[in-house]
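Notes follow the structure.
Since we're looking at a predicted model, the values are computed, not measured.
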Amino acid sequence: MSVTVAPTATPPAVARPAHRDPQVLRWLGAYTSSMIGDSVYYVALSWAAVQAGSPAQAGLVMSASALPRALLMLGGGVLADRLGPRRVVVGSDTVRCAAVLAVAALLYATGPELWLLAVLALVFGAVDAVFIPAVGALPARITGKDQLARVQGLRGLAIRCASVVGAPLGGLGVAAGGAAAAFALAGVLIAVSVPLLVSVRVRDRVPDDGEDTEDSASRTAWGDLRDGLAYVRRHRVLGPLMLAIALGDLGFVGPLNVGLTLLADQRGWGASGMGWVLAGFGVGAGVASLLLAARGRVPHAGLVAGWAVLAGSVAIGALAHVPRLAAAVGVALLVGLLAGLSGALCGALLQTRSDPAYLGRVTAVASLVSLGFAPLSMPVTAAAVGAWGTGPVFVVSAAICGLGGVVVLCARDLRRAELPG
């Protein structure tokens with residue numbers, strides 16, 4: 001009599017933690033190298049622009065990237081969803097690398113020219129509009145939802161690393177061989193990211209049950225954009241989350257970038273004192289990213305993000321009323337910790353709550369809010385400080401930022417959102 005042995009079920013593979021996943025680590029290495037290259041590029045651009053023209057002309061060159069970035073960002077999200085984020089990121093990094101290296105070669109041959117720097121800034125801004133949505137949509141294609149919170153924490157650490165390492169590297173490049181050498185260094189750093197990104201394996205796109213692939217293929221890019229905006233507007237988590245991000249950034253960007261400079265001048269802290277305050281903010285944000293990368297799972301992520309925004313807004317308001325530098329550094333550390341935590345949680349919620357088919361467009365909307373609209377608060381903050389002083393302006397900014405936390409806590413689905421891990 002023969003005995004049939006039932007096959008034993010193969011246990012499901014346990015997903016690797018993000019910090020041990022080769023796919024995530026290659027993406028993280030590419031992202032870090034590219035961000036450091038960006039920091040070196042901005043140092044080189046600012047130095048070359050100052051050498052080539054007046055301060056006003058240098059300011060125009062430095063701001064030239066903002067317009068194409070803001071105008072094309074939503075289109076970049078459509079492109080990321082249509083072509084796939086990895087392909088778009090690889091292509092945009094290749095174009096950025098080629099443009100920076102070409103300008104470095106021309107500077108070696110002819111010296112700094114304002115028109116050349118302006119063209120480079122415009123190209124960089126246009127390519128950024130494609131790169132930013134795609135690089136934000138890529139993690140969801142290389143790891144599971146349960147690791148996306150950790151990926152956001154790792155991404156935050158990469159951004160902190162780029163800000164700490166990039167500017168000194170750019171300064172060394174300028175000191176060693178002028179702006180041309182710094183541009184060449186930036187191009188090499190961006191180039192390092194390309195083979196790393198090519199080696200990353202992405203998951204195949206799986207449409208939703210309700211998505212009609214034939215209709216999707218026949219839609220125009222404009223139709224895809226309208227569809228993406230409608231998706232965000234109707235979504236019970238993403239809609240209020242976008243509003244919260246907009247309010248939080250409007251209340252945060254102005255005080256940190258412009259208000260802090262004016263406050264340091266009024267308090268007599270000087271440039272070094274302002275640097276210490278900014279360092280406190282950076283340390284706090286880095287700690288928040290490290291905590292999220294280590295923990296991953298946040299059972300009440302929406303609730304935590306809402307209260308972190310509210311507490312951070314109180315700390316922003318308090319910053320203008322701290323007389324001593326040491327206390328200001330401590331408050332800035334708290335602001336960085338709370339802002340870094342809420343920002344990372346909001347980014348992770350965007351990743352986990354979005355349908356992958358829409359993630360490029362969702363990321364584009366969030367990036368446009370942060371990089372396109374929030375900087376508009378900087379000249380308004382400067383004018384308001386001149387009219388009313390730092391104290392009232394910081395309090396108003398804190399109130400605007402706090403409204404973002406109120407939106408999170410009042411949106412039931414967003415407040416109850418969790419991050420698996």
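- Smallest separation of non-hydrogen atoms from Gly360 and Ala80: CA-CB, 4.2 Å.
- In this structure the side chain of Leu196 never reaches within 4.5 angstrom of the side chain of Tyr31, judged on heavy atoms.
- Within the model, atoms CZ of Phe394 and CG of Leu260 stand 6.0 Å from one another, a figure rounded to the nearest 0.5 Å.
- No side-chain heavy atom of Val408 sits less than 4.5 Å from a side-chain heavy atom of Trp307.
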Derivation and outcome, side chain to side chain contact (heavy atoms under 4.5 Å, CB included), residues Leu238 and Ser354: CA-CA 8 Å; Leu238 299 180; Ser354 299; 3.5 Å; yes

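- Within the 4.5 Å cutoff, no side-chain heavy atoms of Asp128 are placed close to those of Ser65.
- In this structure, the ring-ring contact (aromatic ring centres under 6.0 Å, His included) partners of Phe252, at least two apart in sequence or on a different chain, are Phe281.
- Of all heavy-atom pairs spanning Ala158 and Leu28, the tightest one is CB-CD1, 3.9 Å.
- Atom CD1 of Ile132 sits about 5.5 Å away from atom CZ of Arg69, to the nearest 0.5 Å.
- Counting only distance, with no hydrogens or angles, the side chain of Gln351 and the backbone of Gly136 share a donor-acceptor pair below 3.5 Å.
- In this structure, Asp21 has no salt bridge (charged side-chain N to carboxylate O under 4.0 Å, His left out) partners at least two apart in sequence or on a different chain.
- Leu292 CG to Leu148 CG: the interatomic distance, rounded to the nearest 0.5 Å, is 10.5 Å.
- Residues passing the salt bridge (charged side-chain N to carboxylate O under 4.0 Å, His left out) test with Asp249, sequence neighbours excluded: none.
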Return a table of donor-acceptor pairs under 3.5 angstrom between the side chains of residues 174-185 and protein atoms on other chains or two or more places apart.
none

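- When the salt bridge (charged side-chain N to carboxylate O under 4.0 Å, His left out) test is applied to Arg155, no partner is found at least two apart in sequence or on another chain.
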Side-chain donor-acceptor contacts of residues 97-115 below 3.5 Å, not counting sequence neighbours, with atom names and distances?
residue, atom, partner, partner atom, Å
Thr110, OG1, Leu106, O, 2.8

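- To the nearest 0.5 Å, atoms CZ (Arg361) and CG (Leu368) are separated by 15.5 Å.
- Not counting sequence neighbours, the partners of Arg26 by the side chain to side chain donor-acceptor pair (under 3.5 Å) test are Ser199.
- Using a 4.5 Å heavy-atom cutoff, the side chains of Gln147 and Val24 are not in contact.
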Show me the side-chain donor-acceptor pairs of residues 332-349 shorter than 3.5 Å, one per line, residues at least two apart or across chains.
residue, atom, partner, partner atom, Å
Ser342, OG, Leu338, O, 3.1
Ser342, OG, Ala339, O, 3.1

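- Listed by chain and number, the residues in a side chain to side chain donor-acceptor pair (under 3.5 Å) with Ser163 amount to none (sequence neighbours excluded).
- Side-chain atoms of Asp224 and Asp81, non-hydrogen and from C-beta on, never get closer than 4.5 Å to each other.
- Residues Leu263 and Val277 fail the side-chain proximity criterion, which asks for heavy atoms closer than 4.5 Å.
- Closest approach of Pro356 and Arg141 over heavy atoms only: O-NH2, 3.5 Å.
- Residues Ala328 and Trp269 approach most closely at CB-CH2, 3.5 Å, considering heavy atoms.
- When all heavy atoms are compared, the tightest approach of Glu418 to Arg353 is N-NH2, 3.3 Å.
- A heavy-atom distance below 4.5 Å is not found between the side chains of Thr143 and Arg150.
- Side chains of Val202 and Gln23 form no contact here, defined as non-hydrogen atoms less than 4.5 Å apart.
- At least one donor-acceptor pair closer than 3.5 Å links the side chain of Ser33 to the backbone N or O of Leu189.
- Although no hydrogens or angles enter the test, the distance criterion places no donor-acceptor pair under 3.5 Å between the side chain of Ser370 and the main chain of Ser367.
- Taking the salt bridge (charged side-chain N to carboxylate O under 4.0 Å, His left out) definition, one finds that Arg226 meets it with nothing, sequence neighbours left out.
- Partners of Tyr231 according to the side chain to side chain donor-acceptor pair (under 3.5 Å) rule, which considers only residues two or more places apart in sequence or in another chain, do not exist here.
- Atoms CZ and CG, from Arg412 and Leu414 in turn, are 12.5 Å apart once rounded to the nearest 0.5 Å.
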Chi angles and distances behind the side chain to side chain contact (heavy atoms under 4.5 Å, CB included) call for Ile245, Leu350: CA-CA 11 Å; Ile245 291 172; Leu350 286 176; 4.1 Å; yes

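- Heavy atoms only, all atoms of each residue included: Gly405 and Val309 are closest at N-CG1, 3.3 Å.
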Let me have the donor-acceptor pairs involving side chains of residues 84-95, under 3.5 Å, with sequence neighbours excluded, atom names and distances please.
residue, atom, partner, partner atom, Å
Arg86, NH1, Val198, O, 3.2
Arg86, NH1, Val200, O, 2.5
Ser92, OG, Val88, O, 2.9
Ser92, OG, Val89, O, 3.0
Asp93, OD1, Ser34, OG, 3.3
Asp93, OD1, Arg96, NE, 3.3
Asp93, OD1, Arg96, NH2, 2.7
Asp93, OD2, Ser193, OG, 2.6
Thr94, OG1, Val90, O, 2.7

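- In this structure, OH on Tyr42 lies 8.0 Å from CG on Leu45, to the nearest 0.5 angstrom.
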